[in-house]
Structure formats: structure tokens, C-alpha cells
Trainee: 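The structure under discussion is supplied below as C-alpha cells; questions concerning it will follow.
Keep in mind that what you see is a predicted model, and the values were worked out from it rather than measured. Counting starts at 1 for both ligands and their atoms, following the listed order.
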Amino acid sequence: MTLDRRSFLKALGVGSAASLAACATPGGGLSMAKSGGRRVVVVGGGYGGTIAAKYVRMLDASIEVVLIERNRQFVSCPFSNLVVGGMLNDLSTLTVGYDKLAANHAIKVVYDTVTGIDTAAKTVTGSTGTIDYDRLIVAPGVDFRFEELEGYDPATTPEIMPHAWKAGPQTLLLRRQLEAMRPGGTVIISVPATPFRCPPGPYERASMIAMYLKRSKPGSKVVVLDANPDIVSKAGLFRKAWAKHYQGIIDYRGAKRVTGVNPRNMTVSIEGLEDVKGDVINVIPPQRAGDIARAAKLTGPDNRWCPVNATTFESTVAKNVHVIGDACIAGAMPKSGYSANSEAKVCAANVVALMNGRETIEMSGINTCYSFVSEKEAVSVAGVYAVKGGAIISVPNSGGVSPDLSETEAIYAKSWINNILVEMTT
Ligand SMILES: Cc1cc2nc3c(=O)[nH]c(=O)nc-3n(C[C@H](O)[C@H](O)[C@H](O)COP(=O)(O)OP(=O)(O)OC[C@H]3O[C@@H](n4cnc5c(N)ncnc54)[C@H](O)[C@@H]3O)c2cc1C
């Protein structure tokens, strides 16, 4: 049986799709009067926030949705390693706007940086004013624990040792540094201890950089200094790819935590060992939930990540506030764009259920992370998730890694990025 949009909404027992359809007003400040009876505010228009905003509107068009995002355009981290490796010339195909999303779903998009969340007063404040909410969805992604790296100045070090862990100018800087490097040079990638955004990301990056060096900078190498004891994700497949394509180019060193940097000497320090010198140094710092989540005291005892109810993604420390994506503790689900998308849908459905006094739905999550290992080949890891004993667990015997390095996986990966970016922006 297929349902058209009207029947679908009716079946869910929600309001008329037409009731707020004329309210797509992207831009404007936060000091706006409520146009409907109830309002959901979403902070952060990335992989999680866009989907949460869209699905709340799709599931109950009588709820006003305001999406607050600091940038007018979103740059996708997924596929940004392909820019670093030269497979994509620039970030244009990974850069998207919010106009269609706003117009298609009558979401009010406000471009502002949220500076305060008052969970008692149920308000959100930015430079353009203060807005109240009935429920709040917070999806700010990650920020960095720079303070754990001795010698790291957040204002200047990223310009010399880019992290490129938020796509944009940092990605392009790392690319330019590689292009400018002498043949025979050394590139260092430092990988923080888990949990961090995109577990396979650093190893995809090592592959992409090695691919570029092999072709354009003979005699150069990539030294991966990993704080973790071993490659965190798809280890067997990355090893296979590195043995096949990058023998003598990638020098992987596990259990080597970078504790300090010296941008002047272009060295990094590792506990108990000699400093390592590089021509290009990509320091991926340790991470935590986006600053606004910490400022709003949504983080747990570690003051890093936000604890949530595993079914509704409602914060366990603040009522009527939900946290999704990289910022939340989602049990076995990795911090990925795909996970954020999946969490956003469950969260939106349960926000709508709670606002309508209905029973919440069960949490069912999925994730697939593709990684390019050469110009034509990719590998993937997939997982299915459910709630058991109050925590998100990986469903036994579900998911797994792709059987081999594969050109078909590369096709799937390209299709995935196209689809997910369209889903986020239309
Ligand atoms: C190199 C790299 C490769 C990756 N590859 C993949 C991949 O192949 N597949 C995959 O699934 N994932 C991948 N990821 C991970 C993915 O990018 C993240 O997991 C995903 O972006 C998380 O979504 P999010 O909504 O939590 O945060 P984001 O997508 O980062 O969105 C957060 C948004 O909040 C906004 N924001 C933050 N604070 C404020 C504020 N105070 N006020 C207003 N706006 C604010 C930000 O501007 C941003 O737009 C990769 C990451 C990296 C770094």
C-alpha cells in the first residue's frame, strides 16, 4: 500500500500540512512572534539538525519549526578527504544552502550563532534576539579540546597545522600545503583517542594523502600517529589497501598519543618519545560536544558529551531538550553523518509524539560509513542499532564490513553523498 502525503499525515494523526505552508521565511532574527500554537527550535543545521527540522514539519505541520544555523552555507565533512587527496578539485559539490529546505517545509531558518540556552525559561539567545520554544533539538556537532595539546594556540596553530576536521577553509589549507610540499617530504596525521567524529575518517585521509603523494610527490611519506592502540575502524581493509597501494608510503604507528605541538619547529611530541618532525602536519585534536552544548550544561559528568534518553534523545539533564548527532552519547552508534541523520528521524518522531501526548516509537538506528582507499576503490562498515537496557546497542549479527576493496563500494559511496545532501536540503 502506498500513502500520499495527506493520507500519511492523517494516518499519523497530525495537523494539516497546509496550516503553516505559507510561513517559509528564511533569514530574519530570533525575536519573532510565534506563528503557531507550538514551536520546536533546532540549533545547528548540519547532518542532524536539518533532518530533525524537516521531519518534525513533515510529521506535524501544525508545529512551527525554527532552525538556527550560524553559516549561510553548510560544507559537508563526508567526502572532504577527497578534496585533500585531489580527487575533487574544490568543495563546491559539498557545499549546500538552506533555501529549498526552508521553502519546501515552511521551516524558518535564522542565520545566527546561538550564544545562550536557558533550559529553565525555555529560551534560546543569539545576536539577533531571544526565542522561546516548547521543545528544543540541539545538534551543534563537535568542538575541540585544544587545551590538551601543549603549545597549541587555537588562534594560530590551525593556520600552520590544519585540523581540517570541520570542512571548509581548513580542508583547502591542508590541500594547498600538500601541493606546496617538497618531494620526499613527510606528512604527519595525528589521530586523537576515541570517541571522535568519524572513526574511519583519519585512515581514509591517510589513504587519500598517500594516493596523492604516490602520484605527485615521489619519495614522500605519511606518518600516522594514533592515540588508539590500533586503526579504529575497518582496520583489516585499510591495512589491505595500504599494503596493495601504499607500501613504504604510509607508516602507521599505534598507541602514539600526540600531547604537544611546536608549530615553529614543525614538530609534535609524543609521551615518552622523541619529537617527530613533519613538512605538513595535520593535527586532529581530541573532541567534545559543540561549545553551545557545554555552555548550556547539557554535557554529562565528563563535561564532554551529552547524555540522552536512548529512545527519545531527550537530554537526561534538561527537560524538553533533545540532543542528536556527534554531540550526544548514542551508545554503540558512531559519530557519523549517517548516524546523525538516523538519530534525527527517531528524535523528530518522538518529539512529535511527546508534543501530541502519544506513545513514543522504538529507537531503530542505522549507519553506513564509506571510505575511499584509492581513486577507484572504497570500503564500508554498516550497523543496525536498537535499545536494550536503556542503551543503544549494535543489533547482534547485523551489519559488518564490506568483503574487500571494491569499485562498487565507491559507486555506492558517491550515490550516498548525493542522496543524503539532497535529503538534507530539500
Ligand atoms: C574528514 C571527515 C570525513 C567524514 N566522512 C564521513 C562519512 O563518509 N560518512 C559519515 O556518515 N560521516 C562522516 N563524517 C562525520 C560527519 O561529518 C559528522 O558525524 C556529522 O557532520 C555530524 O552531524 P551533526 O549534525 O552532529 O554536526 P554537523 O554536521 O557538524 O552540524 C553542526 C551544525 O551546527 C552549527 N552550529 C554549531 N554551533 C552553533 C551555534 N552555537 N549556533 C548556530 N549554529 C551552530 C554548525 O555551524 C554546523 O552547521 C566525516 C567527518 C570528517 C571530519
Trainee: Applying salt bridge (charged side-chain N to carboxylate O under 4.0 Å, His left out), run through Arg135 and Glu314 and close with a yes or a no.
Mentor: CA-CA 10 Å; Arg135 283 200 180 253; Glu314 185 165 3; 3.4 Å; yes

Trainee: Using the rule given for side chain to side chain contact (heavy atoms under 4.5 Å, CB included), can you reason through Ile63 versus Met355, listing the C-alpha separation, both sets of side-chain angles and the distance that settles it, and then say yes or no?
Mentor: CA-CA 9 Å; Ile63 297 174; Met355 289 176 83; 3.9 Å; yes

Trainee: Determine, for Asp230 against Arg239, whether the closest basic-nitrogen to carboxylate-oxygen distance falls under 4.0 angstrom.
Mentor: yes

Trainee: Near Gly44, which atoms of ligand 1 are under 4.0 Å from a heavy atom of that residue?
Mentor: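 The list of qualifying atoms is 33 (C), 34 (O), 35 (C).
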
Trainee: To check your reading of the model: name the closest protein heavy atom to atom 24 (P) of ligand 1, its residue, and the distance in Å.
Mentor: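 Heavy-atom neighbour on the protein nearest atom 24 (P) of ligand 1: Gly48 N, 4.0 Å.
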
Trainee: May I ask you to list the atoms of ligand 1 that are less than 4.0 angstrom from any heavy atom of Asn81?
Mentor: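 Close to Asn81: 1 (C).
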
Trainee: In ligand 1, which numbered atoms sit nearer than 4.0 Å to a non-hydrogen atom of Ala340?
Mentor: 23 (O)

Trainee: For atom 42 (N) of ligand 1, what is the closest protein heavy atom, and at what distance to 0.1 Å?
Mentor: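 The closest one turns out to be Val114 N, 2.9 Å.
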
Trainee: At a 4.0 Å threshold, what atoms of ligand 1 neighbour a non-hydrogen atom of Asp326?
Mentor: 18 (C), 19 (O), 20 (C), 22 (C), 26 (O)

Trainee: Will you find, in the side chains of Glu377 and Ser374, an N or O donor that is under 3.5 Å from an N or O acceptor?
Mentor: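 Yes.
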
Trainee: Does ligand 1 have any atom that is closer than 4.0 Å to a heavy atom of Pro140?
Mentor: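 Yes; Pro140 lies near enough to ligand 1 that a heavy-atom distance drops under 4.0 Å.
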
Trainee: State the atoms of ligand 1, each with its element, that fall below the 4.0 Å cut-off from a heavy-atom position in Lys335.
Mentor: 19 (O)

Trainee: Run the side chain to side chain contact (heavy atoms under 4.5 Å, CB included) test against Ala391 and tell me which residues pass, sequence neighbours left out.
Mentor: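 Here no residue qualifies.
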
Trainee: Quiz question: by atom type and distance under 3.5 Å, do the side chains of Thr128 and Asp112 form a donor-acceptor pair?
Mentor: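 The answer is yes; a qualifying pair exists.
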
Trainee: Which of the listed options, Ala293, Cys198, Ser76, Pro334, holds the heavy atom that is closest to atom 15 (C) of ligand 1?
Mentor: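 Of the listed residues, Cys198 has the closest heavy atom.
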
Trainee: According to the interplanar angle, ranging from 0 to 90°, do the rings of Trp416 and Tyr47 count as parallel (below 30°), tilted (30 to 60°) or perpendicular (above 60°)?
Mentor: parallel

Trainee: Which of the atoms in ligand 1, numbered in the order shown and given with their element, are less than 4.0 Å from a heavy-atom of Asn71?
Mentor: 47 (O)

Trainee: For atom 32 (C) of ligand 1, what's the nearest protein heavy atom and its distance?
Mentor: Ala139 O, 3.3 Å

Trainee: Could an N or O of ligand 1 be found under 3.5 Å from any N or O of Gly337, whether backbone or side chain?
Mentor: yes

Trainee: So, does Ser80 sit close enough to ligand 1 that a heavy atom of it is under 4.0 Å from the ligand?
Mentor: yes

Trainee: With a 4.0 Å cut-off, would you call Lys376 and Glu407 a salt bridge?
Mentor: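 Salt bridge between Lys376 and Glu407, a charged N being under 4.0 Å from a carboxylate O: no.
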
Trainee: Heavy-atom distance to atom 52 (C) of ligand 1: which of Pro202, Cys77, Cys328, Gly201 wins?
Mentor: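 Among Pro202, Cys77, Cys328, Gly201, the closest heavy atom to atom 52 (C) of ligand 1 belongs to Cys77.
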
Trainee: Just going by heavy-atom distances, which of Trp165, Tyr98, Tyr47 is nearest to atom 53 (C) of ligand 1?
Mentor: Trp165

Trainee: Among all protein non-hydrogen atoms, which one is nearest to atom 5 (N) of ligand 1, and what is the separation to 0.1 Å?
Mentor: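 Scanning the protein heavy atoms, the shortest distance from atom 5 (N) of ligand 1 goes to Pro78 CA, 3.3 Å.
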
Trainee: Considering only the protein, which heavy-atom contact is closest to atom 28 (P) of ligand 1, and what is its distance?
Mentor: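 For this ligand atom, the closest protein heavy atom is Arg197 NH2, 3.6 Å.
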
Trainee: What do we get for Glu204 next to ligand 1 when only non-hydrogen atoms under 4.0 Å count, side chain, backbone, both or neither?
Mentor: neither

Trainee: Assess the residue pair Arg215 and Glu375 against the criterion (salt bridge (charged side-chain N to carboxylate O under 4.0 Å, His left out)); give the C-alpha distance rounded to whole Å, side-chain angles, the decisive distance to 0.1 Å, and a yes or no.
Mentor: CA-CA 11 Å; Arg215 197 176 49 221; Glu375 187 131 22; 3.3 Å; yes

Trainee: Would you kindly check if the NZ (Lys) or CZ (Arg) of Arg175 is within the cone defined by 45 degrees around the ring axis of Tyr212 and under 6.0 Å from the six-membered ring centre?
Mentor: yes

Trainee: Give the single entry among Lys166, Arg70, Glu69 that approaches atom 39 (C) of ligand 1 most closely by any heavy atom.
Mentor: Arg70

Trainee: Short list, please: which atoms of ligand 1 are under 4.0 Å from a heavy atom of Phe74?
Mentor: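 Heavy-atom distances to Phe74 below 4.0 Å select 29 (O), 49 (O).
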
Trainee: Are Glu423 and Lys345 within salt-bridge range, i.e. N to O under 4.0 Å?
Mentor: yes

Trainee: Would you say Asp112 contacts ligand 1, with heavy atoms under 4.0 Å as the rule?
Mentor: yes

Trainee: Considering residues at least two apart in sequence or located in another chain, which fulfil the ring-ring contact (aromatic ring centres under 6.0 Å, His included) criterion with Tyr252?
Mentor: none

Trainee: Could Asp60 and Arg38 be called an ion pair, given the rule that one side-chain N must be under 4.0 Å from one carboxylate O?
Mentor: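 Yes, Asp60 and Arg38 are salt-bridged.
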
Trainee: Return yes if a side-chain donor-acceptor contact under 3.5 Å exists between Thr156 and Asp153, otherwise no.
Mentor: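 Yes, side-chain donor-acceptor contact under 3.5 Å.
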
Trainee: Under 4.0 Å from a heavy atom of Ile292: give me the atoms of ligand 1 that qualify, with their elements.
Mentor: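 Numbered from 1, ligand 1 contributes 41 (N).
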
Trainee: Looking only at protein heavy atoms, which one is nearest to atom 31 (O) of ligand 1, and what is the separation?
Mentor: Gly46 CA, 3.2 Å

Trainee: If you measure from each non-hydrogen atom of Trp416 to ligand 1, which part falls under 4.0 Å: side chain, backbone, both or neither?
Mentor: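 Side chain only; the backbone of Trp416 stays clear of ligand 1.
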
